[in-house]
S.K.: 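Structure incoming, see below.
Below, chains carry the letters A, B, ... as their sequence lines are ordered, and counting in each starts from 1.
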Amino acid sequence: MYTSFRGVIMDRIIFHIDVNSAYLSWEAAYRLQKQVNCIDLRTIPAVIGGDESKRHGIVLAKSIPAKKYSIQTGESLFSAREKCPSLTIVPPNYKLFMQCSNAMVAIFKEYFPLVERYSIDECFLDYTGMSHHFGSPIQFAHHIKNRIQKELGFTVNIGISTNKLLAKMASDFEKPNKIHTLFPHEIEEKMWPLPVRDLFMVGRSTNTKLLRLGIYTIGDLAKTDKTLLYSHFKSHGYLIHAYANGLDDSTVKPCSPKAKGIGNSTTISFDVTDSTTAKLILLSLTETVCMRLRDSKMTAKMVSISIKSHDFISLSHQMQLTEHTDITHNIYKAVCTLFDEAWNKTPIRHLGVRISSLTSNSNTQLSLLDFDKDNKYTALDESIDKIRLKYGNTAIIRASFLHSGINPLNGGMPEENYPIMSSLL
DNA sequence: TCTGGGGTCCTAGGACCC
DNA sequence: TCTGGGGTCCTAGGACCC
């Protein structure tokens, strides 16, 4: 709720727009546009999936016919194929996905000064006070949905309500290509009968615990005593209780305020059993992370690594640097120390590098002791960044990667000389 | 050849201080 | 020798989202 200039309390009108099976729809629309007489992936059991030979073989998006075989996003392609042997599997094309996402956002920006890009395929819009210009919320939702379908070739669901949570829940109702409202007076009828797992922020683990407590539907949760929920879920209990009752006072925000951290990680196509190889992969991850850091004009003080072993046991280790930096060499030194301290010699499946405690690079002070050395490294990083910007990421690589068989820049989109997706959002 | 990658937030428990 | 207690900071891990 907010007070208008006349002092009248008005309900907000929030839209949540969600692309139906985003990756799959985008690929399908692209193929239809490029090729004549080709089959629409949305009409057959099909998924977008990673490369199994690289151990990236999971379902990233599924068609509605694939969903009928109970194929789930995130499950292995191996098990998806078991459920549906005739399944069509298509690799992801992240460049295309970014273009489709950007094209959709461009349409929203024709009407809305403020678009919250919640993810690559979801946006929140604030329609409050706009009925005057564009008609009733439902009329406008039809207009914008039809425009996207006609001009971009894919469908969206639109949820309409008085806050973001309810709008998001509404867009998740029947799909595809549908508009739903979930106003407060409709909560009891439309949201409370749903399984509690369908509520935003009730994940697998919370769901299991709720079922054990005899809480099966969102309505059950809404009517559960808050203090009981607190005793089992701490502050998360209060959150899901409020959500089950349709309460959310967060506002539609312009893009992402500022990143709290930058990280890249990779699943390696083989198990790594020696520290030389592991550190080479960590270097490639550090390079990408640091390029993104410098690109965002920030410096970092916290460095963390993560290791997932061949048997899927994860661990992480972190350390604070003595001062903020954006120098690849200095961050890599910390990464190596962390790895040596953390690795217990079990074969490694996955490695990650993440930096946080970010601050603007304009207020970073150089250490007096290392002043000359740091200046040299800063100049080196700068020239490398420039060359890569101008001639591509493979134009200059560290000698240690030569003949190593390891990608010199790891993280972001595999196989593509393309900027990191999240940094474009 | 079953199980990705990029994020954010919260909490338990230990270290340390007075 | 019957083992304070409050506070802060840090870390690792886990939960959730897309």
S.K.: DNA chain B: A:Ser235 or A:His310, which has the more 5' nearest nucleotide?
M.R.: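 On the 5' side of the pair lies A:His310.
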S.K.: Less than 4.0 angstrom between a side-chain N/O of A:Thr206 and OP1 or OP2 of C:dC16, yes or no?
M.R.: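 For C:dC16, OP1 or OP2 has a side-chain N or O of A:Thr206 closer than 4.0 Å.
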S.K.: Which nucleotide in the list C:dA12, C:dC16, C:dC17 gets nearest to the side chain of A:Phe200?
M.R.: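 Closest of the options to the side chain of A:Phe200: C:dC17.
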S.K.: Do the side-chain N or O atoms of A:Ser265 get closer than 4.0 angstrom to the phosphate oxygens (OP1, OP2) of B:dG4?
M.R.: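 A:Ser265 to B:dG4 OP1/OP2: no side-chain N or O under 4.0 Å.
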S.K.: NA contact type, A:Leu315, heavy-atom cut-off 4.0 Å: base, sugar-phosphate, or nothing?
M.R.: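 Touches sugar-phosphate only.
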S.K.: Check the phosphate of B:dG5 against A:Asn264, side-chain N and O only, distance under 4.0 Å to OP1 or OP2. Yes or no?
M.R.: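 Answer is no, no contact under 4.0 Å.
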S.K.: Stacking between A:Phe312 and B:dT3, defined as ring centres under 5.5 angstrom apart with planes under 30°, is that present or not?
M.R.: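 A:Phe312 vs B:dT3: stacking yes.
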S.K.: Any chance the side chains of A:Asn20 and A:Asn157 put a donor and an acceptor closer than 3.5 Å?
M.R.: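 Checked: A:Asn20/A:Asn157 side chains pair up, N/O donor to acceptor below 3.5 Å.
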S.K.: Which stems does DNA chain C form, counting runs of 3 or more consecutive Watson-Crick or G-U wobble pairs with both distances under 3.5 Å?
M.R.: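 Looking at DNA chain C, the stems formed by three or more consecutive pairs are B:5-18 with C:5-18.
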S.K.: Would you say C:dT11 has OP1 or OP2 under 4.0 Å from some side-chain N or O of A:Ser316?
M.R.: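 For C:dT11, neither OP1 nor OP2 has a side-chain N or O of A:Ser316 closer than 4.0 Å.
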S.K.: Given C:dA12, is OP1 or OP2 found less than 4.0 Å from the side-chain N or O atoms of A:His317?
M.R.: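 Answer yes for this pair, as a side-chain N or O of A:His317 is under 4.0 Å from OP1 or OP2.
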S.K.: Remember a base hit wins even if backbone is also touched, and classify A:Gly263 as base, sugar-phosphate or nothing at under 4.0 Å, heavy atoms.
M.R.: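 It contacts sugar-phosphate atoms only.
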S.K.: Aromatic contact between A:Phe97 and A:Tyr23, with the criterion being ring centroids under 6.0 Å apart: yes or no?
M.R.: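 A:Phe97 vs A:Tyr23: aromatic centres under 6.0 Å.
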S.K.: Measure from the side chain of A:Glu52, starting at C-beta and using heavy atoms only, and say which of C:dC16, B:dT1, B:dG6 lies closest.
M.R.: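 Shortest atom-to-atom distance from the side chain points to B:dT1.
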S.K.: Specify the separation, in whole Å, of atom CG of A:Leu239 and atom P of B:dT8.
M.R.: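 Computing the A:Leu239:CG to B:dT8:P distance gives 18 Å.
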S.K.: Could you check A:Phe233 against A:Thr267 and say which one's nearest nucleotide on DNA chain B is further toward the 5' end?
M.R.: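 The residue closer to the strand's 5' end, by nearest nucleotide, is A:Thr267.
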S.K.: Any base atoms under 4.0 Å from A:Gly74, or only sugar-phosphate, or nothing? Heavy atoms, all strands.
M.R.: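 Nothing: the residue A:Gly74, judged by heavy atoms under 4.0 Å, touches no strand.
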S.K.: In whole angstrom, give me the gap between the P atoms of C:dG4 and B:dG14.
M.R.: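 Between the two P atoms, the distance is 15 Å.
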S.K.: Between C:dC17, B:dG5, C:dC18, spot the one nearest the side chain of A:Thr266, thanks.
M.R.: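 Minimum distance to the A:Thr266 side chain belongs to B:dG5.
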S.K.: Using a heavy-atom cut-off of 4.0 Å across all strands, would you classify A:Lys168 as base, sugar-phosphate, or nothing?
M.R.: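 Contact class for A:Lys168: sugar-phosphate only.
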S.K.: For A:Arg31 and A:Asp40: C-alpha separation, side-chain torsions, deciding distance, then whether salt bridge (Lys or Arg N to Asp or Glu O under 4.0 Å) applies.
M.R.: CA-CA 8 Å; A:Arg31 290 184 174 207; A:Asp40 188 332; over 6 Å; no
S.K.: Closer than 4.0 Å, any side-chain N/O of A:Lys54 to the OP1 or OP2 of B:dT1?
M.R.: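 No.
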S.K.: OP1, OP2 of B:dG5 versus side-chain N and O of A:Arg354: anything below 4.0 Å?
M.R.: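 No.
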S.K.: Nearest whole Å is fine: how far is C:dA15 C1' from A:Met201 CE?
M.R.: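 That distance rounds to 8 Å.
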S.K.: Distance only, no hydrogens: is a donor on one side chain within 3.5 Å (strictly under) of an acceptor on the other, for A:Glu174 and A:His180?
M.R.: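 No, no side-chain donor-acceptor contact under 3.5 Å.
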S.K.: Report yes if at least one side-chain N or O of A:Arg349 is closer than 4.0 Å to OP1 or OP2 of B:dG4; otherwise report no.
M.R.: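 Affirmative; the distance criterion is met.
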S.K.: Quick one: A:His236 NE2 to C:dA15 C1', roughly how many Å, whole number?
M.R.: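 That distance rounds to 7 Å.
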S.K.: Quickly work out the A:Tyr118 OH to B:dG6 C1' distance and round it to whole Å.
M.R.: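 My rounded result for the distance is 13 Å.
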S.K.: Mind checking if A:Glu82 touches a base, just sugar-phosphate, or nothing, with heavy atoms under 4.0 Å?
M.R.: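 Contact class for A:Glu82: none.
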S.K.: Would you say A:His56 places a side-chain N or O within less than 4.0 Å of OP1 or OP2 belonging to B:dG5?
M.R.: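 A:His56 to B:dG5 OP1/OP2: side-chain N or O found under 4.0 Å.
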S.K.: Quick one: do A:Arg117 and A:Glu122 make a salt bridge, cutoff under 4.0 Å?
M.R.: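 Result for this pair is no, no salt bridge flagged.
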S.K.: When you measure from the side chain of A:Ser101 to the backbone of A:Ile120, do you find a donor-acceptor pair of N or O atoms at a distance under 3.5 Å?
M.R.: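 Side chain of A:Ser101 to backbone of A:Ile120, a donor-acceptor pair under 3.5 Å: yes, one is there.
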S.K.: May I have the distance from A:Leu165 (atom CG) to C:dC16 (atom P), rounded to whole angstrom?
M.R.: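 My rounded result for the distance is 16 Å.
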S.K.: If I pick the P atom on C:dC18 and the same atom on B:dT3, what distance separates them, to the nearest angstrom?
M.R.: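 Each nucleotide's P atom is 23 Å from the other's.
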S.K.: Round to the nearest Å and state the distance from A:Leu285 atom CG to B:dG5 atom P.
M.R.: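 Atom CG in A:Leu285 sits about 9 Å away from atom P in B:dG5.
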S.K.: For A:His236 and A:Tyr243, I'd like to know if the aromatic rings sit close, meaning centre-to-centre distance below 6.0 Å.
M.R.: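 So the answer is no for these two rings.
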S.K.: Quickly work out the A:Ile71 CD1 to B:dT3 P distance and round it to whole Å.
M.R.: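 Rounded to the whole Å, the gap is 16 Å.
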S.K.: Round to the nearest Å and state the distance from A:Lys234 atom NZ to B:dA12 atom C1'.
M.R.: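 Result: 10 Å.
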S.K.: Which residue, A:Asn163, A:Asp249, A:Asp126, A:Thr162, forms the side-chain hydrogen bond (donor to acceptor under 3.5 Å, both in side chains) with A:Arg12?
M.R.: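 By the side-chain hydrogen bond (donor to acceptor under 3.5 Å, both in side chains) criterion, A:Arg12 pairs with just one of A:Asn163, A:Asp249, A:Asp126, A:Thr162: A:Asp126.
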S.K.: Taking the basic N atoms (NZ, or NE/NH1/NH2) and the acidic carboxylate oxygens, is any pair closer than 4.0 Å for A:Lys62 and A:Glu75?
M.R.: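 A:Glu75 and A:Lys62: not salt-bridged.
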S.K.: Establish, with yes or no, whether the OP1 or OP2 oxygen of C:dG14 is under 4.0 angstrom from a side-chain nitrogen or oxygen of A:Ser205.
M.R.: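 Result: no.
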S.K.: Does the ring center of A:Tyr111 lie less than 6.0 Å from the ring center of A:Phe140?
M.R.: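 That pair passes the under 6.0 Å test.
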